[in-house]
Student: 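Please see the structure below; I have some questions.
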Amino acid sequence: MNTVGTFEEARDLSTGSVGLVPTMGFLHEGHLSLIEAAREHSDTVIVSLFVNPLQFNESSDLAAYPRSIERDTALAGSAGAHVLFNPDIDTMYPNSVRTSVSVAGVSDGMEGEHRPGHFAGVALVVAKLFGGLQPTTAYFGRKDAQQLAVISTLTSDLSLPVDVLGLPIVREMDGLALSSRNVRIPTDERAQALGLSRALFAAADRFEEGERSSAVLVGAVNDNLDPSLVAGLDYVEVADGAGADRVAEVNATSFIALAATVGGVRLIDNVFLDPKTGRADRGVRLRKPSILYGDG
Ligand code: AMP
């Protein structure tokens with residue numbers, strides 16, 4: 001695997017179909033599942049690693065974001081990436097930011113409402129990665145369900161010739177959705193963090209029993225949420241998978257999502273709901289402790 005810092009170098013190393021996995025680093029098995037999928041379907045796999053300051057609405061969150069280029073280089077290489085694209089800030093933003101990419105509607109609710117400016121930062125960096133790296137296919141996690149909707153919409157609206165794919169959430173053994181931020185959850189708050197996925201799974205059970213009303217599904221999450229989590233809860237919502245707008249009933253592929261701060265760490269999670277099959281996608285679980293905790 002080659003590590004490069006410019007778009008030109010990454011393009012020069014690309015042959016055939018190019019699979020891109022955009023990340024902010026501190027890789028875990030969720031990222032690795034995307035790299036492995038890219039490897040299966042693409043001739044060249046590029047993993048980008050850039051902690052994009054424009055998508056952080058809290059400077060303390062940006063400062064605390066975990067980083068380790070040595071660790072990420074080893075993990076991306078062993079997962080089969082061919083190129084690690086690790087640009088510095090001047091490569092990504094050589095000028096003051098003049099061009100903006102905003103995706104109306106899709107970006108407005110949930111994360112957009114609670115993290116002002118977040119999706120403008122995401123949309124701009126993804127547009128740059130697509131333009132500069134020219135991937136055939138780009139792989140994203142459904143963990144960031146609204147982000148996936150924003151990126152699919154911008155790709156289609158700008159006629160970018162990139163296939164955008166969303167892959168299932170990878171969870172820790174106990175059900176907590178993997179996130180690089182999990183390493184910052186204080187040990188004594190871990191049990192509380194686990195309550196988020198547990199509450200979502202209760203709603204998933206109701207959905208699989210035939211419930212289609214968003215209000216009832218949201219109620220199932222709230223009823224199963226530990227009272228200690230309520231103060232830190234930003235939202236619980238059911239949204240349409242493609243447009244990320246709030247729906248009253250699940251008639252098309254949708255997701256039930258929440259965001260909450262636990263032990264000073266903001267976490268998001270969701271479950272996709274497919275009314276055609278009647279199944280809820282709870283993602284996949286690791287069978288051993290995550291590499292986040294030192295085995296990598
Ligand atoms: P991040 O480094 O957190 O910006 O994430 C980079 C990519 O990995 C995004 O497409 C995320 O949705 C995806 N991702 C993050 N966590 C998970 C997870 N637990 N399961 C699957 N994909 C994930």
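Throughout, numbering of the chain's residues begins at 1 and tracks the sequence. Indexing begins at 1, ligand by ligand and atom by atom, following the structure's order.
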Student: Among all protein non-hydrogen atoms, which one is nearest to atom 23 (C) of ligand 1, and what is the separation to 0.1 Å?
Tutor: Lys143 CB, 4.0 Å

Student: Counting non-hydrogen protein atoms only, what is the nearest one to atom 7 (C) of ligand 1? Give residue, atom name and distance.
Tutor: Pro22 O, 3.5 Å

Student: So, for Phe85 and Phe50, is the gap between ring centers shorter than 6.0 Å?
Tutor: no

Student: Against heavy atoms of Leu178, which atoms of ligand 1 measure under 4.0 Å?
Tutor: 16 (N), 17 (C), 18 (C), 19 (N)

Student: For atom 22 (N) of ligand 1, what's the nearest protein heavy atom and its distance?
Tutor: Gly141 CA, 3.4 Å

Student: Taking heavy atoms and a distance under 4.0 Å, where does Pro168 meet ligand 1: side chain, backbone, both or neither?
Tutor: backbone

Student: Taking CZ in Arg212 as the centre, count heavy atoms belonging to other residues, nucleotides or ligands within less than 6.0 Å. Is the count above 12?
Tutor: yes

Student: More than 12 heavy atoms of other residues, nucleotides or ligands under 6.0 Å from CZ of Arg285: yes or no?
Tutor: yes

Student: Of all the non-hydrogen atoms in the protein, which one sits nearest to atom 12 (O) of ligand 1, and at what distance?
Tutor: Asp144 OD2, 2.6 Å

Student: Any heavy-atom pair between the side chains of Val125 and Leu54 that's under 4.5 Å?
Tutor: no

Student: Examine Tyr65 together with Phe26 and report whether their ring centres are nearer than 6.0 Å.
Tutor: no

Student: So that I can tick it off, tell me whether Glu172 and Arg190 are bridged by a salt bridge, with the cut-off set at under 4.0 angstrom between side-chain N and carboxylate O.
Tutor: yes

Student: Would you find more than 12 non-hydrogen atoms of other residues, nucleotides or ligands less than 6.0 Å from Arg279 atom CZ?
Tutor: no

Student: Taking Arg181 first and then Asp61, would you say they form a salt bridge - that is, a charged N and a carboxylate O separated by under 4.0 Å?
Tutor: yes

Student: Tell me whether ligand 1 is touched by Tyr65 - counting only heavy atoms on the residue side and a distance under 4.0 Å.
Tutor: yes

Student: Judged on heavy-atom distance to atom 5 (O) of ligand 1, which of His31, Met24, Glu172 sits nearest?
Tutor: His31

Student: Would you say Leu167 has any N or O atom under 3.5 Å from an N or O of ligand 1, going by distance alone?
Tutor: no

Student: Hydrophobic clustering (ILVMFWY, side-chain heavy atoms < 4.5 Å, transitive) - are Val18 and Phe140 grouped together?
Tutor: yes

Student: Test of understanding: given a 4.0 Å heavy-atom threshold, classify the contact between Val21 and ligand 1 as side chain, backbone, both, or neither.
Tutor: neither

Student: As an exercise, identify every atom of ligand 1 less than 4.0 angstrom from a heavy atom of Ile169.
Tutor: 20 (N), 21 (C)

Student: Please confirm whether His28 approaches ligand 1 to less than 4.0 Å, judged on its heavy atoms.
Tutor: yes

Student: Show me which atoms of ligand 1 lie under 4.0 Å from any heavy atom of Thr23.
Tutor: 2 (O), 6 (C)

Student: Take every heavy atom of Gly283, measure it against each atom of ligand 1, and state whether any distance is under 4.0 Å.
Tutor: no

Student: Using a strict threshold of under 4.0 Å (side-chain N to carboxylate O), is an ion pair present between Arg266 and Asp234?
Tutor: yes

Student: Judging by distance only, is a nitrogen or oxygen of Ala177 under 3.5 angstrom from one on ligand 1?
Tutor: no

